[in-house]
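Every value quoted in this text rests on a predicted model; they were computed, and no experiment measured them. Along the sequence shown, the residues carry numbers beginning at 1. Order of listing sets the numbers, starting from 1, for every ligand and every atom in it.
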Amino acid sequence: MSRAPSKTSLIRFPKDFLWGAATSSYQIEGAPATDGKTQSIWDTFCRSAGKIKDGSSGDRACEHFVRYRDDVALMKSLGLGAYRFSISWPRVMPGGKGQLDDRGIDFYSRLVDELLEAGITPFVTLYHWDLPQELQDRGGWTNRDIADWFGEYAGAVGRALGDRAKHWITLNEPQIFSFLGYLTGEHAPGLVDFNGYGKASHHINLAHGSAVQALRSEAQQSTIGTTLQNPPVHPRSDSDEDRQAALRFDSVFNRWYLDPVLLGRYPELALELLAPLQIPILDGDLTRIHQPIDFLGINHYSRFFIYADDSIPLLRAMMDTSHHAPGARHDDFGWDLYPDGLHEVLTMLRTEYANPVVYITENGCALHEEFRDQYRVDYLDAYLRAAHRAIDDGSRLAGYFVWSLMDNFEWAHGYTMRFGIVHVDFETQKRTLKTSADWYRDTVLRNGLV
Ligand code: FCB
C-alpha cells in the first residue's frame, strides 16, 4: 500500500527565528533640517553636481519622519517580528558632538515605543552612513578622534533608548562606506585618497570598539553587534593571477573588518598590502576593537568577481561589475542571483570564525517592476533556502531582515533603483504592497518556505 504524498512540504525555520525588514535614516526619513537637525555628508554630497544619477536627494525620500506611525502599522500588517532602522547622528546630536537634542532623540523614542506597542522588536543601527558634516570638516573617519566621538554618541543614544531598545548594531558595512567614500569617490564624502582610506579603515574599526564599550555601560542587558557585508570574492577566471587577486581583495575588503572584530588581529596579507599607507595602529588598538559581541550582522546581495590588474595601486586587483556567471539571472543593479554565496559566507563564519550568532541584516534585490515583482519572490525564496541549508549544517542564524521594507533613496542611484517589498509612489507617498510583500507575510506567518 502506498502512502499518499503530502500536498506540500514545509522548510521550517527554528522556532524563535526572527523575521524582519530593514531601512536606514537617510534613505527614508526626509526632514533634513527639521527640529534642529544639522547636515550630514549625504546632504552635502547630494548637492554636488553629477554625484546622484537622477540629481535627487533624500530631502523628501519616504517622509518616514512624519509617516512613521503608518509605516509601523504596515510592518504589523506584514506580521514582522523585528525592524532594523538607523539613527541619524546629526538629527539627535546636531553637529555631531555635545548633548543630545531632545527633539531629535524624541523622534526615535516615539518610533521605538510605536514598534514595541505593535509587538515588533527594534534593531537599532547607530551609523548607516549619514555622518554629521561638521565632523567631516574635521577629517571625518580619517581623524582618530572619531573613535571617541562615536563612542560618546553611542553612549548617549544607548542611555536614551536602551531601557526599551535591546538590539544594537554599531556600524553598517564599514567596507562599503570606506571604499566608496574614500577610494572610488562614488559615495559621500566623495574622496579618492589612498592615505585617507588607510586611516579611515582603522578608525572605523576603533570606533566600533568604542561604541560597544559605551553601549555595554549605557544600554545594559542589550545584545550588541555590528553589520558587515562580506560578499564571497571569486576570481573572474581560473588563472593563477586572478585567484591571487581575489585573495588580496578578500583580505583587504572583507577580512580587514572581520578579523579585528572577531579575532583581535588584522590579516597578515592585508597588513602587507597596505603597509605603504603606514596606517597608525597603536598599542592597545586591537584590544579596543576586539570587544566581545553578541552577534554579527551580515548584509548579503551577491558575489564579487575579481581580476588581476597591476595598474591598481596596492591591491593590484579590481572588481568586474559587468561579469556574470554563465546563465545567471540578475537584478537591475546587475547583481547575480547566486544563493550559494550566502551559504558560503555562513559556512565561512562557522568554520573560520568560531560560529558566531548571525542575523542577516539585509538581503534583497533591485527591480523596476513596480508591483508584480516575481523575480524578487524567486530571489528571496532562493536565498532563504540557502540560509536554511546553513542552519541545517550548524550555522547559528537567528534572524533575517529583507532589504528593504519599502522603495527608498538608493544613494548614488537616487530613486532609479527600487528595493522595497512595498512600493512607494514618491509623488503621493502612497505605499502599496508588491507581490513580494504578500509572499513575505505568508513566509513569516508559516515560519517557513513551501
Ligand atoms: C547596502 C546598504 C543599503 C542599501 C543596499 C542596497 O549596501 O547598506 O543601504 O543601499 O545596499
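With respect to Glu63 and Arg60, a salt bridge is recorded, a charged nitrogen being found less than 4.0 Å from a carboxylate O. With salt bridges taken as basic N to acidic carboxylate O contacts below 4.0 Å, one links Asp43 and Lys37.
When each of Thr227, Asn172, Asn363 is checked for a side-chain hydrogen bond (donor to acceptor under 3.5 Å, both in side chains) with Asn299, only Asn172 meets the rule.
Among protein residues, Gln27, His128, Trp129, Asn172, Glu173, Gln229, Asn299, Tyr301, Glu362, Trp403, Glu410, Trp411, Phe419 come within 4.0 Å of ligand 1, judged on heavy atoms.
Nearest heavy atom pair, residue Met75 against residue Leu115, reads SD-CD2, 3.9 Å.
Taking the centre of each ring, Phe85 and Phe123 stay at or above the 6.0 Å mark.
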Worked check of salt bridge (Lys or Arg N to Asp or Glu O under 4.0 Å) between Lys76 and Glu114: CA-CA 11 Å; Lys76 190 175 178 186; Glu114 196 76 15; over 6 Å; no
